Amino acid sequence: MMNLTTLRSTTVNTRALPGEQISLGSFPTYEQAQRVVDTLADHQFEVETTQIIGSNLRLVEQVTGRLTWPRAVLNGVTKGVWFGVFVGLLISILDTTTLLGALMWGVSWGALFWGVFGAIDYALSGGRRDFTSLSETVPSIYEVLVATTHGEQAKRVLAAAAV
C-alpha cells in the first residue's frame with residue numbers, strides 16, 4: 001500500500017533534495033524500494049530527484065562463534081598476513097627488493113606481530129567477550145521520496161507500470 005503524503009526532507013546529505021518531497025511509498029525491504037526507483041528509471045524518469053530513506057535503525061549483531069586462544073591468535077595472524085601483503089607491496093615499489101622477497105618479509109613479520117597482538121588482546125579481555133560476531137545497522141522501513149515538482153509525474157509512471 002502506497003503512502004502519498006507530503007514530507008519535508010530531514011536527511012543530512014550533500015545531495016539532499018531542497019524543499020518538500022512526496023512519499024511514493026514505504027517498504028519493508030530495500031529491494032522493494034529499489035524496484036520502485038528502477039521502474040521510474042526504466043520509464044526515463046529523472047531519478048536524480050528521488051531518495052531512498054532507511055528509518056527505524058537497529059543494530060543486529062550475529063554471533064559467529066566462540067573465541068578461544070587458538071582462534072584469537074589465528075585471527076591476529078590472518079590480519080597480519082593481509083597487512084604484510086600491503087607492506088610488502090609498498091616495500092617492493094619503494095625499494096629495489098624483489099616482489100617475492102618483499103612479500104615474504106611483510107607476511108612473515110605481519111603474521112608474527114599481529115598474532116602476538118591477537119593473543120595479548122584476548123588475554124587483556126579477561127573472558128568478558130569470548131565470542132566473535134558481525135555487526136550491521138539495519139533499517140526496518142525504507143521510504144521512497146521524490147521532489148514535489150516531480151511527484152505527479154512519478155505517480156503517473158508508477159500507476160501506468162502497476163507498481
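If you're wondering where the values come from, they're calculated on a predicted model, not measured in any experiment.
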- Task: Look at the side-chain heavy atoms of Ile, Leu, Val, Met, Phe, Trp and Tyr, link any pair under 4.5 Å apart, and say whether Tyr142 and Val47 land in one connected group.
- Result: yes

- At their closest point, which heavy atom of Gly76 faces which heavy atom of Trp114, and how far apart are they? O-CB, 2.9 Å

- Item | Set of residues satisfying side-chain hydrogen bond (donor to acceptor under 3.5 Å, both in side chains) with respect to Ser133, sequence neighbours excluded | Glu61, Arg129

- Message: With rounding to the nearest 0.5 angstrom, report the CD to CD distance, Glu136 to Gln62.
- Response: 10.0 Å

- Message: So which atom in Ala111 and which in Val77 form the shortest heavy-atom distance, rounded to 0.1 Å?
- Response: O-CG2, 3.7 Å

- Shared hydrophobic cluster for Phe83 and Trp105 (ILVMFWY, side-chain gaps under 4.5 Å): yes

- Message: Run the side-chain contact (heavy atoms from CB on, under 4.5 Å) test on Thr49 and Thr149 for me, step by step, so that the C-alpha distance in whole Å, both residues' side-chain angles and the decisive distance to 0.1 Å come before the verdict.
- Response: CA-CA 9 Å; Thr49 64; Thr149 55; 5.8 Å; no

- Item | Cluster overlap Val116 with Leu74, hydrophobic side-chain contacts below 4.5 Å | no

- Task: Specify the closest pair of heavy atoms between Val36 and Phe27, including all atoms of both residues, with the distance to one decimal.
- Result: CG2-CZ, 3.4 Å

- Message: With a 3.5 Å distance limit and no angle check, can you tell me whether Tyr30 reaches the backbone of Gly54 through a side-chain donor-acceptor pair?
- Response: no

- Task: Supply the atom-to-atom distance Leu158 CG to Leu40 CG, rounded to the nearest 0.5 angstrom.
- Result: 4.5 Å

- Task: Evaluate the criterion side-chain contact (heavy atoms from CB on, under 4.5 Å) for residue pair Phe45 and Val146; output intermediate values, then yes/no.
- Result: CA-CA 11 Å; Phe45 180 81; Val146 65; 3.7 Å; yes

- Message: Using 30° and 60° as the class boundaries, would you call the ring planes of Trp109 and Phe113 parallel, tilted or perpendicular?
- Response: parallel

- Closest non-hydrogen contact found for Val157 with Thr39 is CG1-O, 4.4 Å

- Can you measure from CZ (Phe131) to CZ (Arg71) and round to the nearest 0.5 angstrom? 12.0 Å

- Query: Which atom pair, heavy atoms only, marks the closest approach of Ile52 to Val144?
  - Reply: CG1-CG2, 4.4 Å

- Are Val107 and Leu99 grouped together when hydrophobic residues (ILVMFWY) are joined by side-chain heavy atoms under 4.5 angstrom apart? yes

- So, for Gln21 and Thr148, which heavy atoms are closest and what is the spacing to 0.1 Å? N-OG1, 3.4 Å

- Item | Step-by-step side-chain contact (heavy atoms from CB on, under 4.5 Å) determination, Asp130 to Tyr122 | CA-CA 8 Å; Asp130 284 343; Tyr122 183 68; 3.5 Å; yes

- Query: How about Trp82: does its CH2 atom have over 12 heavy atoms from other parts shown lying under 6.0 Å from it?
  - Reply: no

- Measuring from Thr29:OG1 to Gln34:CD, what's the distance to the nearest 0.5 Å? 9.5 Å

- What distance separates Thr50 OG1 from Leu24 CG, expressed to the nearest 0.5 Å? 8.0 Å

- Message: Going by the rule side-chain contact (heavy atoms from CB on, under 4.5 Å), which residues pair with Leu59 if we only count those two or more places apart in sequence or in a different chain?
- Response: Ser135, Thr137

- Note on the structure: To the nearest 0.5 Å, atom OG of Ser108 lies from atom CG of Leu103 at 10.0 Å

- Query: Any luck finding a side-chain donor-acceptor pair between Ser23 and Glu143 under 3.5 Å?
  - Reply: yes

- Query: Are Leu67 and Val73 connected, step by step, through hydrophobic side chains (Ile, Leu, Val, Met, Phe, Trp, Tyr) whose heavy atoms are closer than 4.5 Å?
  - Reply: no

